[in-house]
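By convention here, the first residue in the shown sequence is residue 1. Atoms considered below: every heavy atom in the structure, side chains included; atoms not considered: hydrogens, waters and symmetry mates.
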Amino acid sequence: MVKLSGRLEKIYAMIEPGERVADVGTDHALLPIALYARGRSHSPILSDARPGPLEKARANIARLLPGAVFDLRLGDGLAPYARGEADVVVIAGMGGRLIADILSADAEKSRSFGRFVLQPRNASDKLRLRLGELGFAVTDEALAEEGGRICEIIRASPVPPAKGAAVAAPLALRRAETLLAAGGAAAEISPLLFGKAEPLLAPWLERKLRTADAVSERLLAAGAGKEALLEKSRARAALLRDLLDILRP
Ligand SMILES: C[S@@+](CC[C@H](N)C(=O)[O-])C[C@H]1O[C@@H](n2cnc3c(N)ncnc32)[C@H](O)[C@@H]1O
């Protein structure tokens, strides 16, 4: 049995049985190895921009799945793939700006794939904004903990969501949407997380709140000249408290 980290398990869960998966920046190849070993995806395609990680992938496949033949490709982003070649493309463990650049390199080609599962290590707000610019809809979000950090996982599709979806959305989602839009944080925190029982959402927001409170305290201690920044930081803390209130029973 191939063991995945909590982060990779959450990414795995966003892939439907039988889908053809492309894993861009595969490195250790543990995700496609698990997809194959557990029978969820029979012919994954793996790629990496550098030969070293691709060799690591090859070695792990030989060790964990002796005899299995995987399609491994060397190349930048989506360049090693034909248009629409995979049902779902995973791009995980890279910076949000790099993922955004990979998607933007050939926007039309990016839109030819059915779905993306993206796990930015940082700058997720920049990535969400770029997804919107490129005509992608975020259809699901999840949080996962790894190495003491809470990571964001974004599922996005070029198909726009059906009209009327917002009306049917749970109350918590709609309240979060309103607060996040008013607070200018809709690209940073996805309202979709409020519409599902995401167990890491409260601890993640609490971490952000602790940081905002610490920033406010430092600005207060710094004294004159910091009033505007202090106001901004306090407004952010107030927004985070309001969002946490939504989660209280
Ligand atoms: C930290 S590893 C992530 C491995 C795995 N995807 C995961 O989430 O655990 C990042 C990998 O992305 C690869 N990479 C970086 N830029 C890339 C690009 N533009 N196209 C394809 N792969 C890239 C690196 O070589 C490295 O192997």
| query | So if you build clusters from Ile, Leu, Val, Met, Phe, Trp, Tyr with side-chain heavy-atom gaps below 4.5 Å, do Ile15 and Phe116 land together? | reply | no

| said: With a 6.0 Å cut-off (strictly less than), is the heavy-atom count around CZ of Arg38, excluding the residue itself, greater than 12? | reply: yes

| said: Rounded at 0.5 Å granularity, tell me how far CG in Leu54 sits from CG in Leu74. | reply: 6.0 Å

| task | Mind checking the OG-CG spacing from Ser5 to Leu31? Nearest 0.5 Å is all I need. | result | 9.0 Å

| query | Are Leu243 and Leu201 side-chain neighbours, meaning at least one heavy-atom pair lies under 4.5 Å? | reply | no

| query | Taking a hydrophobic cluster as the set of Ile, Leu, Val, Met, Phe, Trp and Tyr residues connected by side-chain heavy atoms closer than 4.5 Å, whether directly or through intermediates, do Val88 and Ile91 fall within one such cluster? | reply | no

| task | With the side chain counted from C-beta on, respond yes when Asp23 and Pro44 share a heavy-atom pair under 4.5 Å apart, and no when they do not. | result | no

| field | Candidate list Leu127, Thr139, Val117, test side chain to side chain contact (heavy atoms under 4.5 Å, CB included), partner Ile154, passing option | value | Leu127

| Heavy-atom pair with the smallest gap, counting every atom of Gly77 and Ser47 | O-OG, 4.2 Å

| Taking Glu227 for the side chain and Gly225 for the main chain, is one N or O donor matched with an acceptor at less than 3.5 Å? | yes

| If only atom types and distance count, is the side chain of Arg7 paired as donor or acceptor with the main-chain N or O of Cys151 below 3.5 Å? | no

| field | Heavy-atom donor-acceptor pair, Lys109 side chain to Tyr81 backbone, under 3.5 Å | value | yes

| request: Write down the atom of Ser110, the atom of Leu78, and the distance for their closest heavy-atom approach. | output: OG-CD1, 3.4 Å

| field | Shared hydrophobic cluster for Val138 and Ile11 (ILVMFWY, side-chain gaps under 4.5 Å) | value | no

| field | Main-chain N/O of Pro120 paired to Ser124 side chain as donor or acceptor, under 3.5 Å | value | no

| said: Hydrophobic clusters here meaning ILVMFWY residues chained together by side-chain heavy-atom distances under 4.5 Å, can you tell me if Leu118 and Met14 are in one? | reply: no

| field | Side-chain donor or acceptor of Arg73 paired with backbone N/O of Ala79 under 3.5 Å | value | no

| message | Any side-chain to backbone donor/acceptor pair from Asp87 onto Arg20? Under 3.5 Å, distance only. | response | yes

| field | Spacing of CZ belonging to Arg241 relative to CG belonging to Leu179, to within rounding of 0.5 Å | value | 14.0 Å

| task | Among Asp101, Asp125, Leu103, find the one that has a side chain to side chain contact (heavy atoms under 4.5 Å, CB included) with Arg130. | result | Asp101

| task | Look at Arg58 together with Glu55 and state whether they make a salt bridge at an N to O cut-off of under 4.0 Å. | result | yes

| Test: Arg207 and Glu145 ion pair at under 4.0 Å | yes

| task | List the steps, then state whether salt bridge (charged side-chain N to carboxylate O under 4.0 Å, His left out) holds for Asp106 with Arg83. | result | CA-CA 10 Å; Asp106 183 343; Arg83 291 171 56 84; 5.3 Å; no

| field | Considering all heavy atoms, the nearest Pro80-Gly75 contact | value | CG-CA, 3.7 Å

| Within a strict 4.5 Å, meaning less than it, do heavy atoms of the Phe194 and Arg174 side chains meet? | no

| message | On a heavy-atom basis, which atom in Met94 and which in Val24 lie closest, and how many Å separate them? | response | CE-O, 3.6 Å

| Are any non-hydrogen side-chain atoms of Leu205 and Ile189 less than 4.5 angstrom apart? | yes

| request: Flag the pair Leu192 / Arg155 as yes when at least one side-chain heavy-atom distance between them is below 4.5 Å, and no otherwise. | output: no

| side-chain contact (heavy atoms from CB on, under 4.5 Å) between Leu65 and Val2: does it pass, once the steps are laid out? | CA-CA 10 Å; Leu65 290 174; Val2 181; 5.6 Å; no

| Quick check: does any side chain N or O of Gln119 sit under 3.5 Å from a backbone N or O of Ile153, one acting as donor and the other as acceptor? | no

| CD1/Ile150 to CH2/Trp204 distance, rounded to the nearest 0.5 angstrom? | 8.5 Å

| field | Rounded distance (nearest 0.5 Å) linking atom OG of Ser43 with atom OH of Tyr36 | value | 9.5 Å

| task | Work out which heavy atom in Leu134 is nearest to a heavy atom in Ala107; give both atom names and the distance. | result | CD2-CB, 3.7 Å

| query | For Asp242, which residues count as a side chain to side chain donor-acceptor pair (under 3.5 Å) partner, sequence neighbours excluded? | reply | none

| said: Is any side-chain heavy atom of Lys56 closer than 4.5 Å to one of Asp48? | reply: no

| request: For residues Thr26 and Pro32, determine if any side-chain heavy atom of one lies less than 4.5 Å from a side-chain heavy atom of the other. | output: yes

| Are the side chain of Glu19 and the backbone N or O of Val21 linked by a donor-acceptor pair below 3.5 Å? | no

| CG/Leu46 to CG/Asn60 distance, rounded to the nearest 0.5 angstrom? | 10.5 Å

| query | Is it true that Glu146 and Lys10 have a side-chain N and a carboxylate O under 4.0 angstrom from each other? | reply | no

| field | Electrostatic pair Asp245:Arg248 at N-O distance under 4.0 angstrom | value | yes

| query | Taking a hydrophobic cluster as the set of Ile, Leu, Val, Met, Phe, Trp and Tyr residues connected by side-chain heavy atoms closer than 4.5 Å, whether directly or through intermediates, do Leu98 and Leu129 fall within one such cluster? | reply | no

| message | Any salt bridge linking Arg115 with Asp140? Criterion: basic side-chain nitrogen under 4.0 Å from a carboxylate oxygen. | response | no

| task | Taking the side chain as every heavy atom from C-beta outward, state whether Arg236 and Glu188 have any pair of such atoms under 4.5 Å apart. | result | yes

| Smallest separation among heavy atoms of Ser233 and Val215, with atom names | OG-CG1, 3.7 Å

